[in-house]
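Just so it is clear, the structure is predicted and the values come from calculations on it, not from any experiment.
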Amino acid sequence: TLARCELGLKDYENAIKYYTEALELNPSNAIYYSNRSLAYLRTECYGYALADATKALEVDKNYIKGYYRRATSNMALGKFKAALKDYETVVRVRPNDKDARMKYQECNKIVKQKAFERAIASDETKKSVVDSLDIENMMIEDDYIGPKLEDGKVTLKFMKEMMDWFKDQKKLHRKCAYQILVQVKDVLSKLPSLVEITLQEVKKITICGDTHGQYYDLLNIFKLNGLPSETNPYPQIQNLCVIVLNHRMQLFNGDFVDRGSFSVEVILTLFGFKLLYPDNFHLLRGNHETDNMNQMYGFEGEVKAKYTAQMFQLFSEVFQWLPLAQCINNKVLVMHGGLFSEDGVTLEDLRKIDRNRQPPDSGPMCDLLWSDPQPQSGRSISKRGVSCQFGPDVTEHFLEQNKLDFIVRSHEVKAEGYEVTHSGKCITVFSAPNYCDQMGNKGAYIHLRASDLKPEFHQFTAVPHPNVKPMAYANTLMQLGMM
């Protein structure tokens with residue numbers, strides 16, 4: 001009863017706790033497994049959700065909600081064929097269930113689309129969207145009064161105007177968006193997979209975690225921390241930021257898009273600053289800068305709604321060139337996910353990664369985007385169903401082998417916006433407060449000073465945003481029904 005109550009109140013962590021206790025007393029209850037699977041789905045533990053749904057069906061092969069939960073888990077993991085098989089079962093048993101039929105049809109469409117893409121693929125080098133664009137001759141209509149690049153270049157004036165334009169929920173002209181994407185692709189493609197920087201003397205770097213399309217919270221970060229800049233002091237942008245007297249770099253650690261419904265505004269702002277200050281503003285790839293995630297969690301739908309399918313394809317190309325990790329002063333390694341499924345990975349291995357692709361299902365590139373720390377030693381199967389979870393001994397061994405002090409990663413919601421684990425050797429930072437308008441968490445960012453690299457944590461809370469719900473552009477399959 002307690003577990004059902006917590007589930008109804010959307011307290012999913014406690015629901016998981018109580019269903020786990022219930023299963024210890026009654027391990028043959030399919031309903032308990034299915035309901036805990038739902039709680040895991042809500043907390044994005046898709047690997048655990050899949051395992052529980054499968055267990056429910058082992059207990060009772062006729063329990064239809066088990067098929068529904070398993071299909072949803074597989075969809076979240078991008079395993080569309082497996083999901084389709086379970087949706088077929090649900091529709092066969094419940095032919096009048098409109099929600100199930102809609103999900104079956106949507107999943108079937110994705111499976112066919114993937115098959116078509118494989119069929120037309122060839123060994124030839126894939127043609128870039130850039131080759132089919134004629135940006136120079138794109139017309140900007142006379143009635144467009146928004147920001148424009150100056151002689152095709154991003155300037156500070158343009159960035160200020162664009163941020164205010166976005167704040168008013170206005171759309172940047174497609175020509176300007178294409179100009180930014182083409183130029184940032186060129187900049188990113190010249191970077192290594194492991195970016196190595198040295199902070200000199202009084203410099204500091206600010207590390208931000210996931211922003212997930214929460215544009216108004218991104219503006220708040222700039223207000224609290226100052227805008228990116230190459231000079232001292234930072235410039236002021238109307239009422240959006242304060243003057244900061246310290247010269248510092250900024251690093252955004254992946255998952256810029258999806259979930260939040262202002263992902264286009266977030267990513268174009270971040271890309272604009274990368275063009276403006278290429279040596280002082282750094283971006284790393286997250287697991288949501290990938291096609292499968294974008295298809296399910298909203299970014300693809302948002303780009304198509306605000307612009308075109310062609311522009312999403314260009315975003316996809318650009319994402320593939322985002323670096324995977326950054327090393328600061330040869331002492332601190334930053335990545336979105338975490339450490340590796342196998343021992344012995346070195347910084348040299350990271351330098352050698354061919355990143356211009358969609359992430360593989362295993363290996364160092366996958367781990368950098370997907371893995372999570374755990375309190376116990378060793379490694380275990382990931383709660384997400386991708387990569388692994390790694391313990392304090394894994395962290396210690398990796399740091400010793402590579403002569404590093406600690407790692408900074410993101411990828412997980414934290415109630416305080418950050419968390420320090422593994423005896424201070426593994427730090428998580430998450431910068432999307434009140435994630436998805438429902439988690440109630442704080443956001444945070446970290447300052448590292450060149451003098452000692454001691455992390456300083458700065459917390460902040462969510463700010464109001466226009467009445468557009470998170471996941472507004474997400475695939476309908478990710479909107480869980482009542483089953």
Side-chain angles (χ1 to χ4, degrees), residues 41-42 44 46 72 75-78 80 83 99 102-111 113-114 117 129 162-163 165-174 176-178 180-181 210-219 252 254-271 285-320 322 358 413 431-439 462-481:
L41 282 167
R42 295 296 196 185
E44 302 182 25
Y46 301 125
T72 306
M75 284 300 304
L77 292 167
F80 304 115
D99 182 69
M102 178 273 294
K103 288 179 167 59
Y104 166 75
Q105 291 171 346
E106 183 67 21
C107 185
N108 192 35
K109 183 172 70 175
I110 293 173
V111 170
Q113 176 189 336
K114 297 289 184 184
E117 290 171 355
V129 171
M162 184 175 72
M163 293 168 73
W165 190 253
F166 284 158
K167 186 181 180 184
D168 292 336
Q169 288 186 270
K170 297 175 182 177
K171 188 173 72 172
L172 184 68
H173 194 277
R174 66 187 182 97
C176 302
Y178 274 124
I180 290 172
L181 288 172
D210 306 39
T211 46
H212 274 301
Q214 297 185 196
Y215 180 68
Y216 295 84
D217 293 307
L218 175 66
L219 291 183
F252 282 80
D255 279 15
F256 319 120
V257 301
D258 282 339
R259 299 289 188 182
S261 297
F262 302 96
S263 293
V264 165
E265 291 78 6
V266 167
I267 193 61
L268 288 176
T269 300
L270 296 178
F271 280 169
R285 191 176 186 178
N287 64 300
H288 276 268
E289 279 69 58
T290 57
D291 285 357
N292 276 355
M293 293 294 103
N294 295 161
Q295 185 174 34
M296 300 307 299
Y297 295 98
F299 185 59
E300 180 178 347
E302 183 180 343
V303 176
K304 288 179 177 179
K306 294 177 179 179
Y307 292 101
T308 63
Q310 181 191 51
M311 186 176 287
F312 173 73
Q313 290 304 314
L314 183 52
F315 269 112
S316 176
E317 288 185 30
V318 176
F319 287 166
Q320 294 188 168
L322 285 163
Q358 294 302 307
V413 183
S431 303
N434 194 26
Y435 178 49
C436 285
D437 287 0
Q438 67 178 24
M439 297 301 290
V463 296
H465 63 75
N467 188 26
V468 181
K469 294 181 180 180
M471 301 284 280
Y473 301 96
N475 190 293
T476 51
L477 287 165
M478 298 315 299
Q479 308 299 324
L480 299 181

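In this structure a side-chain-to-backbone donor-acceptor pair under 3.5 Å is missing from Thr211 to Gln214. Panel note: side chain Gln310, backbone Val129; no donor-acceptor pair is recorded below 3.5 Å. Under a 3.5 Å cut-off, the side chain of Tyr216 and the backbone N or O of Pro464 do not form any donor-acceptor pair. Looking only at distances, no side-chain donor or acceptor of Asn287 sits under 3.5 Å from a matching main-chain atom of Asp255.
Comment: Glu265 does not engage Lys171 in a salt bridge, judged by the lack of any side-chain N to carboxylate O separation of less than 4.0 angstrom. We find that Glu106 and Lys103 are not joined by a salt bridge, their nearest charged nitrogen and carboxylate oxygen being 4.0 Å or further apart.
Of the inter-residue distances, the one linking Leu181 atom CG with Gln313 atom CD reads 12.5 Å to the nearest 0.5 angstrom. Taken from CD in Gln320 to CZ in Phe315, the straight-line distance is 14.0 Å, to the nearest 0.5 Å. The CZ atom of Phe319 sits 10.0 Å away from atom CG of Leu314, with the distance rounded to the nearest 0.5 Å.
Between Gln358 and Ser316, some side-chain heavy-atom pair lies under the 4.5 Å cut-off. Between Asp437 and His465 there is a side-chain heavy-atom pair separated by less than 4.5 Å. By the 4.5 Å heavy-atom criterion applied to side chains, Arg174 and Lys306 are not counted as neighbours. Asn475 has its side chain out of reach of Glu300: every pair of non-hydrogen atoms, C-beta onward, lies at least 4.5 Å apart. Contact of the Thr308 side chain with the Met311 side chain is registered, since non-hydrogen atoms from C-beta on lie closer than 4.5 Å. Between Thr290 and Asn294 there is no side-chain heavy-atom pair separated by less than 4.5 Å. At a threshold of 4.5 Å between non-hydrogen side-chain atoms, the residues Ile180 and Leu172 count as touching.
In this structure, Ala177 and Leu268 approach most closely via the heavy-atom pair CB-CD1, 4.3 Å. Nearest heavy atom pair, residue Phe262 against residue Gln169, reads CE2-NE2, 4.2 Å. The minimum heavy-atom distance between His288 and Val257, with the atom names listed, is O-CG2, 3.6 Å.
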**OP:** Applying side chain to side chain contact (heavy atoms under 4.5 Å, CB included), run through Ile267 and Glu289 and close with a yes or a no.
**Re:** CA-CA 10 Å; Ile267 193 61; Glu289 279 69 58; 5.8 Å; no
Subject >> Tyr473 vs Phe299, ring pair (Phe, Tyr, Trp, His ring centres under 6.0 Å): CA-CA, chis, key distance, verdict >> reply: CA-CA 7 Å; Tyr473 301 96; Phe299 185 59; 9.9 Å; no
Subject >> Test log, rule side chain to side chain contact (heavy atoms under 4.5 Å, CB included), inputs Asp291 and Phe312 >> reply: CA-CA 10 Å; Asp291 285 357; Phe312 173 73; 4.2 Å; yes
**OP:** Quick one: do Phe80 and Asn292 satisfy side chain to side chain contact (heavy atoms under 4.5 Å, CB included)? Show the steps, please.
**Re:** CA-CA 10 Å; Phe80 304 115; Asn292 276 355; 4.0 Å; yes
**OP:** Given side chain to side chain contact (heavy atoms under 4.5 Å, CB included), test Lys469 with Ser261 step by step and report yes or no.
**Re:** CA-CA 7 Å; Lys469 294 181 180 180; Ser261 297; 5.8 Å; no
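The side chain to side chain contact (heavy atoms under 4.5 Å, CB included) search around Thr269 returns Met159, Met162, Met163, Phe166, Tyr215, Leu218, Phe222, Phe273, not counting sequence neighbours. With sequence neighbours left out, the side chain to side chain contact (heavy atoms under 4.5 Å, CB included) criterion links Glu44 to Tyr46, Arg259, Tyr435.
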